[in-house]
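Data first, discussion second: the structure below is written as structure tokens.
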There are 2 protein chains.
Amino acid sequence: MKIKDIAKLAGVSPATVSRVMNNKGYVKAEKRKAVERVIRDVNYQPNEIAKSLKNQKSKMIGVIVPKISTETASRVVDGITTVAKEHGYQLIIANTNLDVEEEIRYLNFLSNKLVDGIIMMATEITPIHEEVMSQLTIPIVIVGQKLEGYTSVLHDDYRASKAMVNYLIDKGHTDIAFIGVDPKDEAVGVIRKKAYTDALEEAGISVSNQQFAIGDFEIETAYKSMGELLTRSQPTAVFAVTDHLAIGAIHSISDHGLRIPDDISVVGIGDVKLAKYFSPPLTTVHYMFKTSGIKAAEALFENIQTGVRKNQDIMIDFQFEERSSVCSIIK
Amino acid sequence: MKIKDIAKLAGVSPATVSRVMNNKGYVKAEKRKAVERVIRDVNYQPNEIAKSLKNQKSKMIGVIVPKISTETASRVVDGITTVAKEHGYQLIIANTNLDVEEEIRYLNFLSNKLVDGIIMMATEITPIHEEVMSQLTIPIVIVGQKLEGYTSVLHDDYRASKAMVNYLIDKGHTDIAFIGVDPKDEAVGVIRKKAYTDALEEAGISVSNQQFAIGDFEIETAYKSMGELLTRSQPTAVFAVTDHLAIGAIHSISDHGLRIPDDISVVGIGDVKLAKYFSPPLTTVHYMFKTSGIKAAEALFENIQTGVRKNQDIMIDFQFEERSSVCSIIK
DNA sequence: TTGTACGCGTTATCAT
DNA sequence: ATGATAACGCGTACAA
């Protein structure tokens, strides 16, 4: 069923049908009724593709995600959807599985008229990313990292991590092991680590005396790392850059017959949904990922409407969640 | 940049550029080189919308999800993405937040030429759903529920739940409380409950003596329900239709000063990622949701290629995960 | 082997 | 107030 068919059935021209559908221009009440009737009768759905071509607007935004099956990503996407819906937009999501080449391919593919704008959840931004993005003309918003020249939605990783380490220090800990990830991930691998070392240094605690373990984002990896750490010496606290890593560490510690937090305190970052239901409930930092998605989408739509790419930073609040995985060792 | 511009720059006709881009028809090697050069130089991206309109194929599939920020949904979507990528397809995801009207709207919107097929993750299928879907001409695959006339990907909820309850019975439990959800959700609310009552009946255990609590999917709700149950009488085991509900129950039980599994055994269904890291590790059933997504997508593409809507059932395997949240009470 | 011209379904302009 | 018609960017008969 196309607009022509509807026109024929209603005894009018395609133009009139279009006017009725979009509430534009004048249409005599009588004809309008006739058209509306036909539309309802045949459940006419206009061809969105044709509309897009004509209007030079697809009413779709592209979302590039490293891994959709991740609590973080899906919560951000959830936020984006909310705003998109208000604007009558659909999401096209591209799941890259952390593959840089895929990201580049999708940037190119989505751009230029398939979508009206792109939200990119970034972990690593290479020079190639920058190069490609600078060639694209549609609005782009980055989530999770700062890129000069683009609106970026940021989770205050530095302040959050520092607050966490300072909290540990305040509780009397000076022997704080670090469980982190590869520095390819800027926010998690680099910034959270820097916050950790800065916090120690500012407190006058030797960084070189601490134990470090760097791995991937998997619980099992943290489990193994923690095990190795424990064969060397026993810290009084562990700062894991991720809740999942903290959980891995906790299990290793328990399996070594040690108690948390009595023997070793453990903290994470991120506040996954189940963090507070663990035993002990995990002390961590809560990020409002859905809010990130909302803010990113709002910025993108502003961008789409005004047509100017802003170099804007949007900081998303975090919240310290003090629970029971830390104990004070002040005498 | 459009095809015309490229043609001009390469000194050929638009048709030739098209032939080069799609590797169709004959093009003299020399001209091909020239065109390819220009394409690379200006990083030409063909307008996908125009292609879709011309080809009557959008190379996109629609995915209707009740809630993307859910472990289940995001794992299914992950599977779909994998297959879609192999076919050169993109996903348009529609997050309905469990709103039936939204689902209907999206079914209509996505259909007829915006997408080449739809995968719908269903919780509740109303007569309106059926009505609308029967009017659509594009292939549709349902995930999570059976709908007559459509390819359906199913998680063997009945067998899985029954296996779980039988396991409890084998361990000597006859006093098994039930924590479920509203019957609007067919698979979780209805089938899992039926499996529970059937298992009891078949074992000759009175169903009417059991305690029931029906709520939503939230951990907190289960926490409260469990608390109320406990004020009445103390079962020896709890069958929760969801891991989250099981977790809520576990917390309530602990907060009442009871131990798991020593005082009360608790089981869930679903095996969320963190289930095995709880204390005690939760006995549950593992569903391969990513596999569901993969199978659904494969079925959809077959559907798209052959053009016939199959009335096919695809059962996804489950796996019993025996962990430590259950204890035997056989003397 | 290549180019011209039409059509995909819609909207917007311009007459009427 | 309404209808004919030209675009939107691409692919493909058909002609050359």
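Note that the structure is a prediction, hence the values are computed from the model and not measured. Here is the naming used below: chain letters follow the sequence lines, and residue numbers restart at 1 for every chain.
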Can you tell me the distance, in whole Å, between the [atom1] atom of [X] and the [atom2] atom of [N]?
{"X": "A/Lys54", "N": "C/dT13", "atom1": "NZ", "atom2": "C1'", "answer": "9 Å"}
{"X": "B/Leu114", "N": "C/dG9", "atom1": "CG", "atom2": "P", "answer": "14 Å"}
{"X": "A/Arg19", "N": "C/dC14", "atom1": "CZ", "atom2": "C1'", "answer": "11 Å"}
{"X": "A/Met1", "N": "C/dG9", "atom1": "CE", "atom2": "C1'", "answer": "14 Å"}
{"X": "A/Lys2", "N": "C/dG9", "atom1": "NZ", "atom2": "C1'", "answer": "7 Å"}

Looking at [Y] and [X], is any side-chain nitrogen of the basic one under 4.0 Å from a carboxylate oxygen of the acidic one?
{"X": "B/Glu71", "Y": "B/Arg75", "result": "yes"}
{"X": "B/Lys146", "Y": "B/Glu186", "result": "no"}
{"X": "A/Asp116", "Y": "A/Lys59", "result": "no"}
{"X": "A/Arg105", "Y": "A/Glu102", "result": "yes"}

Select one nucleotide: of C/dT10, C/dG3, C/dT13, the one nearest the side-chain heavy atoms of B/Lys31.
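Out of C/dT10, C/dG3, C/dT13, the nucleotide with an atom closest to B/Lys31's side chain is C/dG3.
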From C/dT11, C/dG3, C/dT13, pick the nucleotide closest to the side chain of A/Ile3?
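For the A/Ile3 side chain, the nearest candidate turns out to be C/dT11.
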For DNA chain D, what residues of residues 22-30 of chain B have any heavy atom nearer than 4.0 Å?
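Only B/Asn22, B/Lys24 qualify.
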Residue-level proximity of residues 35-51 of chain A to DNA chain D when a heavy atom falls under 4.0 Å
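Result for residues 35-51 of chain A: none.
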With side-chain contact (heavy atoms from CB on, under 4.5 Å) as the test, pick out the partner of A/His129 among A/Ile142, A/Ile104, A/Leu147.
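Among A/Ile142, A/Ile104, A/Leu147, the one meeting side-chain contact (heavy atoms from CB on, under 4.5 Å) with A/His129 is A/Ile104.
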Do you know which of B/Val153, B/Ile80, B/Val83, B/Val76 makes side-chain contact (heavy atoms from CB on, under 4.5 Å) with B/Ile294?
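That would be B/Val83.
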Check whether any side-chain heavy atom of A/Val100 sits under 4.5 Å from a side-chain heavy atom of A/Thr126, and report yes or no.
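Counting from C-beta outward, A/Val100 and A/Thr126 do come under 4.5 Å.
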Considering all heavy atoms, the nearest [X]-[Y] contact:
{"X": "A/Ser58", "Y": "A/Ser52", "result": "CA-OG, 3.5 Å"}
{"X": "A/Leu9", "Y": "A/Met1", "result": "CD1-CE, 4.3 Å"}
{"X": "A/Arg309", "Y": "A/Leu136", "result": "NH2-O, 2.6 Å"}

For A/Phe217, ring-ring contact (aromatic ring centres under 6.0 Å, His included) partners two or more places apart:
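Partners of A/Phe217 under the ring-ring contact (aromatic ring centres under 6.0 Å, His included) test: none.
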Could you tell me which residues satisfy ring-ring contact (aromatic ring centres under 6.0 Å, His included) with B/Phe289, sequence neighbours excluded, listed by chain and number?
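ring-ring contact (aromatic ring centres under 6.0 Å, His included) check on B/Phe289 returns B/His155, B/Tyr287.
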Reading DNA chain D in the 5' to 3' direction, which nucleotide is the first one with an atom under 4.0 Å from a heavy atom of chain B, and which is the last?
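From 5' to 3', the first and last contacting nucleotides are D/dG9 to D/dT12.
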Measure from the side-chain N and O atoms of A/Asn97 to the backbone N and O of A/Asp99, and report whether any donor-acceptor pair falls under 3.5 Å.
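Flag not set: sc A/Asn97 to bb A/Asp99 has no pair under 3.5 Å.
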With sugar-phosphate meaning primed atoms plus P, OP1 and OP2, does B/Ser18 contact a base, only sugar-phosphate, or nothing at under 4.0 Å between heavy atoms?
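Base contact.
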Reckon B/Ser52 has a side-chain N or O less than 4.0 Å from the OP1 or OP2 of C/dC8?
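No, because none of the side-chain N or O atoms of B/Ser52 sits under 4.0 Å from OP1 or OP2 of C/dC8.
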Counting only side-chain nitrogens and oxygens, does A/Gln56 get under 4.0 Å of the OP1 or OP2 atom of C/dT11?
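False: A/Gln56 side-chain N/O out of range (4.0 Å or more) of C/dT11 OP1/OP2.
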What distance separates A/Met120 CE from A/Ser152 OG, expressed to the nearest 0.5 Å?
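Between atom CE of A/Met120 and atom OG of A/Ser152 there are 11.0 Å.
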Using the C1' atoms of five pairs at each end, what's the angle between the two axes of the helix from C/dT1-D/dA16 to C/dT16-D/dA1, to 10 degrees?
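Taking the rotation axis at each end, their angle is 50°.
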Upstream residue (5' side of DNA chain C) when B/Asn55 and B/Val12 are each assigned their closest nucleotide:
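So the residue in question is B/Val12.
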